[in-house]
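Structure first, commentary second.
Labels below follow one simple rule: chain letters A, B, ... track the order of the sequence lines, proteins then strands, and each chain is numbered from 1. Computation of the quantities below employed the complete heavy-atom set of this structure, encompassing side-chain atoms and omitting hydrogens, waters and symmetry-equivalent molecules.
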Amino acid sequence: MEVVSISNLSKIFNTGKDNEVEALREIDLTVTKGEFIALIGPSGCGKSTMLRLIGGLIPITSGELSVNGKTPTKAREERDYGMAFQSAGLLEWRTARKNIELPLELMGWSKAERIKRANEMLELVQLGEFARSRPAELSGGMQQRVAIGRALSFNPALLLMDEPFGALDEMTREHMQDQLLDICHKTESTVIFVTHSIPEAVFLSTRVVVMSPRPGQISSIVETNLRAGDNTADNTKIRNDERFYKKVTEVREALYGK
Amino acid sequence: MGKKLFLLLNKAAVRRILIFIAFLVLLALAYTAYKAFGQALDDRQRDWWFIGSFFPRTDDRNMPPILDILSEFGKSPRIGGETYISQLFSGALFTLREAFVAFVVGSIVGLVLAVLLAQSKLAERGVMPWVIVSQTIPLIAITPLVVLWGQANLDFLPWEWKTWMSVSVIASYLTFFPVAVNGVRGLLSPSSEHLELMQSYGASRVSILWKIRFPASLPFLFTAFKLAATAAVVGAIVGEISTGVSGGQGLGKLIFEFARTYAAAPERLYLGVIGAGITGLFAFGLIVLVEKTILNSTGQQIRE
């Protein structure tokens, strides 16, 4: 089942003005349910722009883009998206649990339902004891886990993540990657994940989409899928596996154009 | 943990009060020292190597002794009459009532303006200049207008219009401004990430306002409320004097009386200054207390 379908998509900012910028050119991409797409490319190549276009936060200039067969705006209104950014973006005046409840409040869930789901999400991201903590009392990694719990809380059809682990140290980062995969398998989420890190892209994804410098175009797509559908695969083994390094090399070559 | 924090705050508060008192004593000492110096110049008609021509001379009329000022609090205009300290106390209460109403009215007007101004660039460009212009007009230019409006036919109101209400309206003219300006800053303070997140949930403008913008602006609003509280007291006193509250019992009326009879007792002028200062400080302290309670419970930082 196609979750995202993009054909011949272009995005130009400030059309017709002096500061006109062609951000994306002729993008074609199809994402099916359960896929984990990693978007990688040099700074300013339009990765984040692409994510925002898919999320319906900014309008497309030309081409076609549909999410679950709907326009992005419609999909947004129907709450098909869960989003997570580089900074956790938690509301400082809300406790961890209340932060997770935020989207549920907007969707009109009852209080009891909200609390129940928020507690489930906290368990899922292993922060059960921190329900009443405020963001300022949590470490960066813990905040990011709350943010992921929030993004997943309403079972969105599509998870859009913009360098969510970019600000974390390597150890926390690997731990979060393991957790994210685990959660995504449990919830059968479809993910589009923007990153600057080649190993992260390879480790997490089923496919890595490599983009060229501005104007952003898809220069190649690397099939990674190191788990081959086996969700119980040992993450440490995968990280040390020869195939992992091969794919890293492959993505690197695609990125730097040999 | 919570209890420890509370104790710590208390310790800091005690230290702050001690420092305040120390400065007060220093101020009194400096006053007394200069008074002695200025008086010596005056008494002996000395010039002491030209020093005398640089420093103003003083006497008991323009710098009454501090003890005289303090003892004036206990005196009364007539034998057996109400002491000045008790007059000042009831005056402060009267003025605080006006200031409180002014604070509430001004804050509501300021908040409504802030929400309006934060909604669109157009609203801000259209209305903000008028908000600023409003503050360039001196209060005493407004007062006769407000007094006139107060004398208009206000029978449609469910309550009787009293002069002190006009004073509150005048004072609220000073209070809405900081609330409006800081309110706009607070409402626009959420990061684009928070706003995009809300957008991605398909949140309406109203829920963005209610769940993001308004809570985010709380620390900004309390900064404004502190300014507004002191402005409300000043506004109420100026309002009382310029409306000439007939039969009013506020601080403004007392200050006016003290000024009228200063020739007989210059010490009394200081009673007005001290009374107004303490009243303003009280209003300020009250807001600080509420600010601490609320921002502690929401886990937000107090903006200095």
Side-chain angles (χ1 to χ4, degrees), chain A residues 48 51-58 67 70 72-96 98-109 132-138 147 150-151 153-154 156-164 167, chain B residues 1-6 8-9 111 114 118 121 182-183 185-225 290-304:
Chain A
S48 298
L51 211 64
R52 281 172 172 69
L53 285 168
I54 296 171
L57 296 174
I58 46 176
V67 177
K70 295 170 277 195
T73 315
K74 189 107 195 301
R76 182 160 64 84
E77 280 161 4
E78 293 181 8
R79 280 119 186 189
D80 284 352
Y81 302 111
M83 291 195 110
F85 303 96
Q86 180 168 3
S87 79
L90 300 180
L91 302 177
E92 54 168 5
W93 56 87
R94 282 174 173 246
T95 61
K98 286 293 244 173
N99 262 291
I100 294 179
E101 283 183 38
L102 176 71
L104 308 178
E105 282 171 26
L106 293 167
M107 293 168 198
W109 289 38
R132 286 166 186 281
S133 304
R134 285 185 203 281
E137 297 158 3
L138 301 174
R150 178 176 64 184
S153 61
F154 51 97
L158 180 60
L159 203 51
L160 301 175
M161 307 183 99
D162 194 352
E163 292 188 63
Chain B
M1 159 112 190
K3 216 170 190 179
K4 231 179 186 173
L5 198 77
F6 184 71
L8 214 76
L9 275 175
L111 272 174
K121 276 250 158 65
N182 280 282
R185 283 180 56 202
L187 290 171
L188 296 180
S189 70
S191 66
S192 59
E193 265 178 6
H194 283 157
L195 299 175
E196 278 195 344
L197 192 77
M198 291 298 277
Q199 253 185 301
S200 81
Y201 298 144
S204 66
R205 276 171 94 96
V206 175
S207 38
I208 292 179
L209 181 71
W210 194 242
K211 294 199 184 288
I212 304 276
R213 293 191 188 277
F214 184 65
S217 64
L218 268 185
F220 292 84
L221 284 176
F222 272 109
T223 305
F225 289 156
V290 177
E291 178 185 41
K292 272 200 173 141
T293 318
I294 289 186
L295 293 191
N296 268 345
S297 77
T298 63
Q300 282 167 298
Q301 290 286 322
I302 290 172
R303 292 169 59 85
E304 290 300 335

message = Taking side chain as everything from C-beta outward and backbone as N, CA, C, O, which of these in B/Ile212 sits under 4.5 Å from a heavy atom of chain A? Side chain, backbone, both or neither.
response =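 Its backbone and side chain both get close to chain A.
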Turns out that what part of B/Ser191 lies under 4.5 Å from chain A's heavy atoms comes down to neither
Parallel, tilted or perpendicular: which describes the rings of B/Phe222 and B/Phe225, with under 30° parallel and over 60° perpendicular? perpendicular
- What residue, out of B/Ser204, B/Pro190, B/Ala216, has the most heavy-atom pairs lying under 4.5 Å from chain A?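 Counting heavy-atom pairs under 4.5 Å, the top option is B/Ala216.
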TODO: Among the options B/Gln301, B/Met198, B/Glu193, pick out the one with the most heavy-atom pairs lying under 4.5 Å from chain A.
DONE: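 Going by pairs under 4.5 Å, I would pick B/Glu193.
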Of the listed A/Leu102, A/Asp80, A/Asp162, the one with the largest count of heavy-atom pairs under 4.5 Å with chain B is A/Leu102
message: I'd like to know which of A/Leu160, A/Thr95, A/Leu90 tops the heavy-atom pair count under 4.5 Å against chain B.
response: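 Result: the option with the highest number of such pairs is A/Leu90.
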Applying side-chain contact (heavy atoms from CB on, under 4.5 Å), run through B/Lys211 and A/Leu91 and close with a yes or a no. CA-CA 10 Å; B/Lys211 294 199 184 288; A/Leu91 302 177; 5.9 Å; no
task: Determine, stepwise, if the pair A/Arg76 / A/Val67 fulfils side-chain contact (heavy atoms from CB on, under 4.5 Å).
output: CA-CA 9 Å; A/Arg76 182 160 64 84; A/Val67 177; over 6 Å; no
TODO: Please lay out, stage by stage, how A/Leu51 and A/Leu57 fare under the test side-chain contact (heavy atoms from CB on, under 4.5 Å).
DONE: CA-CA 9 Å; A/Leu51 211 64; A/Leu57 296 174; over 6 Å; no
Q: Show the numbers, then the answer: is there a side-chain contact (heavy atoms from CB on, under 4.5 Å) between B/Tyr201 and A/Glu105?
A: CA-CA 10 Å; B/Tyr201 298 144; A/Glu105 282 171 26; over 6 Å; no
